[in-house]
Structures are given as C-alpha cells and as structure tokens.
Protein chains: 4
Amino acid sequence: MSETNVDSLVASHDPTHPANLICQLCRLFYNNGWVTGTGGGISIRDGDLIYIAPSGVQKERMVADNMFVMDLPTKKYLRVPESLKPSACTPLFLAAYTIRNAGACIHTHSQNAVVVSLLYDKVFTIANIEQIKALPKIVEPGYLGFFDTLIIPIIENTAHEEDLKDSLEQAIIDYPSATAVLVRRHGIYVWGETVWKAKVYNEAIDYLLELAVKMRQLGIPPDGGIGSERNTRLV
Amino acid sequence: MSETNVDSLVASHDPTHPANLICQLCRLFYNNGWVTGTGGGISIRDGDLIYIAPSGVQKERMVADNMFVMDLPTKKYLRVPESLKPSACTPLFLAAYTIRNAGACIHTHSQNAVVVSLLYDKVFTIANIEQIKALPKIVEPGYLGFFDTLIIPIIENTAHEEDLKDSLEQAIIDYPSATAVLVRRHGIYVWGETVWKAKVYNEAIDYLLELAVKMRQLGIPPDGGIGSERNTRLV
Amino acid sequence: MSETNVDSLVASHDPTHPANLICQLCRLFYNNGWVTGTGGGISIRDGDLIYIAPSGVQKERMVADNMFVMDLPTKKYLRVPESLKPSACTPLFLAAYTIRNAGACIHTHSQNAVVVSLLYDKVFTIANIEQIKALPKIVEPGYLGFFDTLIIPIIENTAHEEDLKDSLEQAIIDYPSATAVLVRRHGIYVWGETVWKAKVYNEAIDYLLELAVKMRQLGIPPDGGIGSERNTRLV
Amino acid sequence: MSETNVDSLVASHDPTHPANLICQLCRLFYNNGWVTGTGGGISIRDGDLIYIAPSGVQKERMVADNMFVMDLPTKKYLRVPESLKPSACTPLFLAAYTIRNAGACIHTHSQNAVVVSLLYDKVFTIANIEQIKALPKIVEPGYLGFFDTLIIPIIENTAHEEDLKDSLEQAIIDYPSATAVLVRRHGIYVWGETVWKAKVYNEAIDYLLELAVKMRQLGIPPDGGIGSERNTRLV
C-alpha cells in the first residue's frame with residue numbers, strides 16, 4: 001500500500017499541494033472550534049484525484065502522510081495510510097464532487113451550525129445582510145445580492161455518518177442553489193468550486209449562522225425584511 | 001500595467017510600508033472575525049498615493065503584490081494587479097480622504113457593528129465609558145472625555161457597495177465629529193489621520209459596540225447617565 | 001534530589017516525551033481559558049512512571065524541568081523539582097490510574113464545566129448530538145452512538161483538592177461508563193487510555209458542556225429526544 | 001534625557017528584564033482584549049526602580065525603548081523616552097507601590113470588569129468558586145479558601161485618570177484584603193508582590209468576573225451559598 005510511487009501522491013514541499021493544504025486548513029478550523037475532538041473532515045479534489053483526511057484523528061495534528069487518495073472515476077483508493085481508517089464522510093464528499101463538480105468539501109461540527117439546526121425546521125434562511133454577498137447563486141453565474149435570501153437545507157442526522165448519503169444527495173438535488181447542507185444536531189457540509197471558495201463559503205456561512213443566533217436572541221427575525229428590526233429597538 | 005517601476009510602488013522590505021502594513025493588519029483583523037469570508041477592506045494613504053486591498057480576496061492571505069495603487073489628485077490607478085478587481089469600497093475610502101483628509105480607512109463586517117445597526121435607528125450613542133477617551137473630537141483638537149457622548153451615524157445599506165458613496169459622504173458632512181459610519185446590516189467604516197490612529201479608533205469603537213450590546217442585553221442603556229444602571233442592580 | 005540520572009527522566013529532545021508534552025498541552029489549554037491563573041493540572045503515565053505538573057505555577061510557562069515524576073506501584077516520587085510543590089491533584093490523578101488504568105488525566109477550571117455544575121444536580125446528561133460519538137463506552141469496546149446519552153457525574157467540592165479523592169473514586173466506581181467527573185463550582189477531571197485520548201475526550205466534553213449551556217439558554221433540553229427542540233422553534 | 005547610561009536602564013537581552021516583560025505581557029493582554037485601542041497600562045518595580053508603559057500607545061506594539069523609568073523614593077523620572085507621554089496611571093501605580101509594597105500593577109479595560117461595575121454598587125463579591133483560591137488573603141499569609149468570599153471594592157470614575165488617586169488610595173486602605181480595585185465604567189487595577197503574582201491575580205479575577213456575569217444571567221447569585229443555585233435548576 002505504501003510504495004514510493006503511491007506516497008509521492010502526498011509528498012510535496014509545495015504548501016498549496018492538497019495534502020499540505022488539508023493539514024494547514026484543519027489547524028485553522030481547529031482554532032475556530034470547528035473540528036475539535038477529532039470532529040469534522042475535509043477533502044480536496046485535484047483533477048480526478050481526491051484527497052481525504054482520515055477518520056477519528058486530531059485534525060490539527062495531521063501530516064500530509066496521513067491522507068487518503070482516491071481516484072474519482074473508479075472510486076478506488078490509490079493510497080491508504082497504514083493503520084488509519086477512511087473518513088465516514090467520504091460518500092458525502094463524493095456527493096458534492098459528482099453532483100456538483102465541487103473542487104473541495106468541508107465538514108465541521110461548528111456550534112453555530114448545531115444551534116441553528118435546533119432553531120429551524122427544514123431550511124435555514126437569512127436575508128438582507130451584506131455578508132450574504134460572499135455566497136454563489138450556483139444556478140446562474142455570480143453571487144447573491146444584498147436583498148437575496150440565503151437558503152440552506154437541514155437534513156436529519158443518522159446513526160452512522162455514511163447513512164447521511166441519500167438525504168444529503170436529495171437535499172443537493174432539491175436545493176440546486178445551495179452550496180451547503182446543515183445536519184441537525186451534528187454540523188454542516190460546505191463545498192465549492194475550489195478549496196479556497198469552499199473555505200470562503202464556509203467562513204461566510206458560519207458568520208451568518210452566528211449572526212442569526214444573535215438576532216434570534218434579540219427577537220429579530222434573521223430573514224425579516226429591512227425595517228423588521230424596528231419593533232425591537234429601544235431608541 | 002506591471003512594469004518594474006510600477007511594481008516598485010508595492011515592493012519593500014520595510015514592514016511599515018503601506019503595502020506590507022495592509023497585509024499585516026488584515027491578518028490581525030481576520031483573527032478578530034472582522035474580515036472573514038473576503039469581507040471588509042482597507043486602504044492607506046501615503047502622501048498622494050493611495051494603497052487599496054483588492055476586492056473579493058481572502059484578506060488574511062494577501063501579499064503586497066496584490067495591492068492597487070491610486071493617485072489621489074487624479075483618481076487614476078497607478079498600479080492594477082493582474083487578474084484582481086478594484087475594491088468596491090474605493091469611492092468610500094476616497095470620501096474619507098477628500099472630505100476629512102484621512103490617512104487610512106478601515107472597513108469591517110464586525111458582528112458587533114451589524115448587531116448595533118439592528119438595535120439603533122439613525123445614530124449609535126454611548127456615554128460615560130472610559131474607552132470613549134480613545135476617540136478624537138475632530139471638530140477641535142484633542143480627544144473625547146469620559147463624560148462625553150460618542151455619536152456614530154448609521155446609514156442604510158445599498159445593493160452595490162459603491163452606491164453607499166452619497167449617503168456616506170452626507171453622513172460625514174452631517175456628523176462633523178464622527179470618525180466612523182455604521183452601515184445597517186453590513187458593517188462599519190472607520191478612518192483616522194494615520195493608519196495607526198484608524199486602527200486604534202476601530203478597536204476602541206468595536207470595544208464600545210460590543211459593550212453596548214452587552215449593556216442592552218442587561219437592560220442598561222449604553223448612553224444612560226452615570227447611576228442609570230442602578231435600576232438593574234440586584235445588590 | 002536533582003542527580004543527573006533523576007533529571008534524565010524529564011530531559012528529552014523528543015516533543016512527545018511526557019515532560020515535554022505536558023508543557024505543550026498546557027500552553028494549548030491556557031489559550032482555551034482552561035488553566036488560567038495557575039488553575040488546573042495534568043498528568044501523563046508512561047508505563048509505571050507518572051509525570052505530574054507542579055502546584056500553583058503558571059501552566060503556560062512550565063518547562064520540562066518543572067515536572068514531578070512518581071513511581072506508580074510504590075507511589076514514591078522519583079523526582080521532586082527544587083522549590084516546587086507537588087500538585088494537590090495527585091491523589092485524583094492516581095485514582096484514574098489505579099481504578100481505570102488511565103494513560104493520562106487532565107484537570108481544568110473550564111467555565112463551561114463550572115456553569116454546567118451549577119445547572120445540574122447529581123449528573124450532567126446530553127443526548128443526540130453528533131460530537132458524543134467522540135466519547136468511549138468504557139464498559140464495552142467502542143464509542144458512544146449518536147442516539148446514546150452521555151452521563152458525567154457531578155461531585156461536591158471540598159476545601160482542599162486532595163479531599164476530593166474519596167468522592168471522586170466513588171463516582172468512578174458508581175459510573176463505570178464515565179471518562180470524566182465534574183466538580184461543582186470547581187471544574188472537571190477527564191482521563192483516557194492515552195494522553196491523546198484524554199485530550200480528545202476533554203475537547204469533546206467541553207464542546208458538549210458549552211453546547212448544553214447554549215441549549216439551556218434557548219430553552220432546549222440538552223438531553224431531550226430528537227424533535228423536543230420543536231417547541232422552541234419560531235419557524 | 002537619552003544618554004547612554006540612562007538607556008541602559010531598559011536595554012537588555014534578558015526576556016525577564018522589566019522593560020522586556022512589560023512588552024511581552026502587553027501583547028498577551030492585547031490578545032485577551034484587555035488593552036485594545038491603547039487602553040490599560042502596566043508597571044513593574046525592580047527594587048527602587050519603577051518601569052512604566054507610556055500613555056496612549058498601542059500596548060501590543062511597544063518596545064523596551066518606550067519605557068519610562070522612575071526612582072520610587074524620589075518619584076523622579078530617571079528616563080523619559082522622546083516624544084512619549086507618561087502614563088496617567090502613574091499616581092495609581094504608585095499607590096500600590098507605596099501603600100502595599102507591590103512589585104507590579106496591571107490596569108486593564110476588561111469588558112468583564114466594566115460589566116461587573118455596572119451590576120454591583122460598592123463592592124463586587126463572589127464566593128464558593130475554586131478559582132478564588134488563586135487569590136491572596138493579604139492581611140495574613142496564604143491564600144483564600146474555597147469557602148471564602150472574594151471582595152473587590154468599586155470606585156467611581158473621574159474625568160482624568162490621575163484624579164482616581166485619592167479614591168483608589170482610600171479603597172486600598174478601607175479594604176486591606178483587596179489586591180484589586182474596580183473602577184466603574186472604566187476597568188480594573190490589580191497588583192501583586194511580583195509581576196507574575198500580579199498577572200496570576202489579574203487572570204484569576206477576570207475569570208471570576210466573567211463567571212459572575214454568566215451566573216447573574218442565569219439567575220444564580222455569584223456570592224450565594226453552596227446550594228443556592230438549586231432554585232434555578234431545571235433537573
């Protein structure tokens with residue numbers, strides 16, 4: 001499994017090589033509290049090659065040598081690191097790659113995502129906040145506008161992460177403009193055309209989830225029209 | 001566009017060169033959650049030269065070579081980095097430079113700014129808090145005193161950031177003692193005589209915005225007189 | 001006490017040597033606010049050797065030379081650093097080592113732990129949250145499932161930390177599936193088979209304590225069944 | 001003013017030299033949000049020499065060369081850095097040095113301190129929390145116990161920081177067991193026998209202030225007896 005030509009898939013001095021980038025981003029996500037306690041996961045696609053962080057490891061302490069590599073067309077592992085288990089997120093990452101042609105997919109246990117999943121039923125919606133403009137329309141080129149409503153579907157969690165596959169795929173199909181799916185009492189999956197876009201979408205969405213919780217606590221509907229906040233103003 | 005003499009505008013080993021300082025400060029602002037997801041922007045003026053961070057990029061990953069440089073008197077770009085777009089904040093930065101002779105202008109998507117913009121109508125006011133003393137009087141030399149009231153105007157957001165220009169300029173004129181303007185459901189613009197003063201004002205204002213939200217949640221009016229908090233005391 | 005062969009117990013260039021790892025982890029815990037103000041403690045077992053951070057020192061500024069080393073079978077100190085006092089947590093760490101054969105034990109003053117200890121009586125319980133899956137079943141191999149309930153006993157604090165020994169031991173015996181014990185108005189003890197597992201359990205538990213406080217503030221019972229949150233939904 | 005023999009007071013490669021330590025600690029305090037926007041201050045005493053950070057500068061960007069040095073017996077400045085102003089905190093630091101023989105004094109604009117100053121009248125009190133044990137009894141050797149009550153006096157703010165001198169001195173005299181004084185709508189002064197003790201006391205107190213605000217928000221009296229929290233328990 002660990003022949004030289006296979007290890008060369010993850011051995012690179014280039015900090016932007018997917019195997020190195022996964023490690024670097026997971027340290028960042030760890031500091032945000034998104035992947036503490038081995039939670040969460042990440043995958044980057046490079047052409048037909050998919051790089052995937054292993055299961056059940058401390059995300060902030062991974063090294064490039066820990067990465068799984070899969071061939072997307074055949075779904076065969078090209079590289080399996082010794083004594084590590086493949087991520088249970090793999091079928092979910094594949095859904096983003098095959099249905100949406102994503103370049104990367106990020107899964108976090110962000111508390112903002114979990115709390116929002118407890119406050120909303122089938123979908124999370126927020127409108128009329130500038131940060132929404134960081135998110136893509138998907139169904140047509142370009143980005144959402146300030147007056148647009150961001151919609152993120154929420155699916156129910158399952159006992160085993162891989163069993164989320166069907167409902168996640170259905171949500172991706174049912175919400176063609178979504179670039180993320182919330183999983184109730186669990187976290188969020190966010191994908192993008194490239195790893196940097198996935199990271200930016202993830203940051204922008206988490207910002208909006210955090211803001212929505214604050215707005216709810218102040219009695220302001222996050223998807224309310226402009227001026228709807230007036231009812232709660234003291235002055 | 002990228003001739004050697006033009007690139008020399010941003011190439012310097014001096015960490016206090018505006019092109020380097022913008023990168024350094026944006027990493028700091030990113031860690032504060034002020035410019036996540038490509039949000040926010042910053043510009044520094046050096047004499048007649050204006051350095052501006054580009055649009056839609058990850059603010060914490062910028063390098064000096066990404067900077068736009070404009071000639072203030074002519075409003076002509078002296079340097080346009082390849083494949084990057086000018087910031088939509090540029091007309092707003094120019095308002096601070098031309099109306100107030102600012103040395104730098106910072107724009108963030110701080111959640112404290114957005115939440116305060118939902119809680120207040122035309123202006124944000126806070127009084128009788130020591131941190132207010134970090135902010136300038138502007139209409140006369142010196143700084144606000146402990147017993148003074150800090151007033152920051154709030155303008156309505158627009159679909160396109162550049163369309164904020166007129167109302168931002170009007171707010172700057174209407175509130176001659178303001179060194180910042182809040183944009184509802186969007187964020188804040190803060191400027192100062194130098195980049196360091198702009199940074200300090202931004203920090204002091206964000207501290208006061210955060211404190212004001214906490215005070216409101218505890219039922220204490222942020223601009224209340226000394227002693228007005230007594231009504232909410234348990235002991 | 002400080003002969004060369006004794007100091008060699010803590011002198012190593014290997015960053016994963018227990019004496020070095022304790023220092024590294026305490027800097028991380030300090031940044032999390034878990035061991036500020038000399039609070040908290042940590043111990044790692046290496047075979048029959050137990051490494052213990054000293055009492056009353058700044059946890060983020062320790063060096064390997066500050067470590068106490070004890071022989072587990074005889075409970076005799078093999079190394080006592082000059083002018084430092086043994087940790088009052090030592091009898092509690094020993095309880096985890098002897099009753100549970102732990103490989104490491106972490107004690108923090110996490111505010112999430114203290115707040116939860118004020119909100120719950122005899123035990124803290126949380127259920128149906130994905131992060132629970134990071135925690136072990138203990139009474140049988142494997143980890144808790146999404147639908148399982150995590151139970152952490154809460155014991156009363158005592159004037160002197162070492163006097164917690166009896167009630168902590170009793171809690172470990174009474175709750176054979178617990179890998180942590182909360183101490184009311186004080187903090188938490190978390191242990192694991194290895195130092196890395198103890199760290200991961202600690203992170204996962206603190207995440208769940210933080211989430212539980214947020215859920216309580218939103219009126220959602222942390223150990224409620226799936227769907228119990230519907231009562232608090234606005235939409 | 002800047003003769004070589006005077007500059008030698010602050011020039012040292014020793015990271016524990018007071019002039020270096022002030023810079024290092026202020027970077028730490030800045031990251032905690034305690035001295036943002038040029039707020040706060042710090043002074044360390046070394047025998048009869050007092051090192052004091054200057055007024056109105058960015059605390060996280062200071063260098064040793066920025067430090068003022070005063071002779072404690074004569075209250076004369078031995079070193080005045082060019083183009084910097086002495087801290088308005090100086091008379092308050094001197095109060096801690098002369099009345100309590102302190103080794104260092106820290107002043108922060110911690111939001112926890114400001115919020116607590118709005119919630120309490122003449123004194124802040126908290127009891128029966130383990131972290132209290134990090135604080136000294138002062139009137140006799142040793143530290144507070146778990147069952148003791150920590151008392152911190154609160155004084156009213158004044159227009160000019162130096163005018164706090166009389167009421168701060170009175171509070172130090174009136175509360176002989178206090179190692180800190182809260183200033184309403186302003187922040188906190190904390191001192192200790194050494195700089196490290198002052199830092200530890202400051203961290204422990206800020207932890208307790210933060211916890212007290214959380215307890216108040218949950219309806220639990222921070223100085224309530226053990227068991228007083230039962231009224232607010234749901235389970």
Side-chain angles (χ1 to χ4, degrees), chain A residues 27 30-31 33-41 55-61 88-89 107-126 154 156-161 163-164 182-188 210 212-217 219-224, chain C residues 15-16 21 24-25 28 31-32 112 126-136 142-148 190 192 194-222 224-235:
Chain A
R27 285 192 293 272
Y30 176 80
N31 289 335
W34 291 344
V35 296
T36 48
T38 79
S55 171
V57 302
Q58 296 178 82
K59 295 292 180 289
E60 82 280 15
R61 289 178 181 266
C89 305
H107 169 49
T108 82
H109 287 189
S110 158
Q111 294 220 348
N112 295 321
V114 174
V115 170
V116 158
S117 83
L118 293 166
L119 294 173
Y120 286 81
D121 189 10
K122 301 292 186 194
V123 292
F124 165 71
T125 53
I126 189 165
I154 305 173
E156 301 301 321
N157 200 26
T158 51
H160 302 288
E161 192 138 15
D163 295 339
L164 286 171
L182 285 157
V183 184
R184 186 152 7 254
R185 295 170 169 277
H186 180 155
I188 192 166
E210 179 183 349
V213 174
K214 291 179 185 171
M215 291 175 76
R216 291 283 294 252
Q217 287 173 323
I220 302 168
D223 58 356
Chain C
T16 67
L21 215 43
Q24 182 192 339
L25 288 173
L28 176 67
N31 290 333
N32 289 346
N112 296 321
I126 190 166
N128 306 312
I129 300 292
E130 181 73 8
Q131 189 70 42
I132 290 171
K133 292 163 74 171
L135 293 161
Y143 289 83
L144 293 176
F146 172 66
F147 298 110
D148 288 331
V190 181
T194 66
V195 61
W196 296 121
K197 293 206 173 188
K199 169 182 171 287
V200 166
Y201 299 164
N202 188 28
E203 285 180 0
I205 288 170
D206 206 78
Y207 170 104
L208 291 163
L209 296 171
E210 179 183 350
L211 183 62
V213 174
K214 292 179 186 171
M215 292 174 76
R216 291 284 293 253
Q217 286 173 324
L218 291 163
I220 302 168
I226 295 170
S228 66
E229 68 273 16
R230 281 191 198 126
N231 298 331
T232 63
R233 276 189 206 142
L234 297 185
V235 292

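Only heavy atoms go into these numbers, but all of them, side chains included; no hydrogens, no water, no symmetry mates. Model, not experiment: these values are computed from the prediction.
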Could you check if a side-chain atom of [X] sits within less than 4.5 angstrom of a side-chain atom of [Y], using non-hydrogen atoms only?
X: A:Val115; Y: C:Leu211; value: yes
X: C:Tyr207; Y: A:Val114; value: yes
X: C:Leu218; Y: A:Gln217; value: yes

Between [X] and chain A, with a heavy-atom cut-off of 4.5 Å, which part of the residue counts as in contact: side chain, backbone, both or neither?
X: C:Leu28; value: side chain
X: C:Ile226; value: both
X: C:Phe147; value: side chain

Taking all heavy atoms of [X] and all of [Y], pick out the closest pair and write down the distance.
X: C:Ala134; Y: A:Gly37; result: CB-O, 3.6 Å
X: C:Ser228; Y: A:Arg185; result: OG-NH2, 3.8 Å
X: A:Leu118; Y: C:Met215; result: CD1-CE, 3.7 Å

Atom group of A:Tyr30 that falls short of 4.5 Å from chain C, counting heavy atoms: side chain
Select one option (side chain, backbone, both, neither) describing which atoms of A:Thr125 are under 4.5 Å from chain C's heavy atoms. neither
Listed by chain and number, what are the side-chain contact (heavy atoms from CB on, under 4.5 Å) partners of C:Val200, not counting sequence neighbours? A:Thr38, A:Gln58
Apply side-chain contact (heavy atoms from CB on, under 4.5 Å) to C:Glu210 and list each qualifying residue two or more places apart in sequence or on a separate chain. A:Gln111, C:Asn112, C:Lys214
To the nearest 0.5 Å, what is the distance between CG on A:Asn157 and CZ on C:Phe146? 4.0 Å
Euclidean distance, A:His109 NE2 relative to C:Leu208 CG, rounded to 0.5 Å: 10.5 Å
Is it true that C:Lys199 and A:Glu60 make a salt bridge, defined as a side-chain N closer than 4.0 Å to a carboxylate O? yes
Between C:Glu229 and A:Tyr120, a side-chain donor and acceptor under 3.5 Å: no
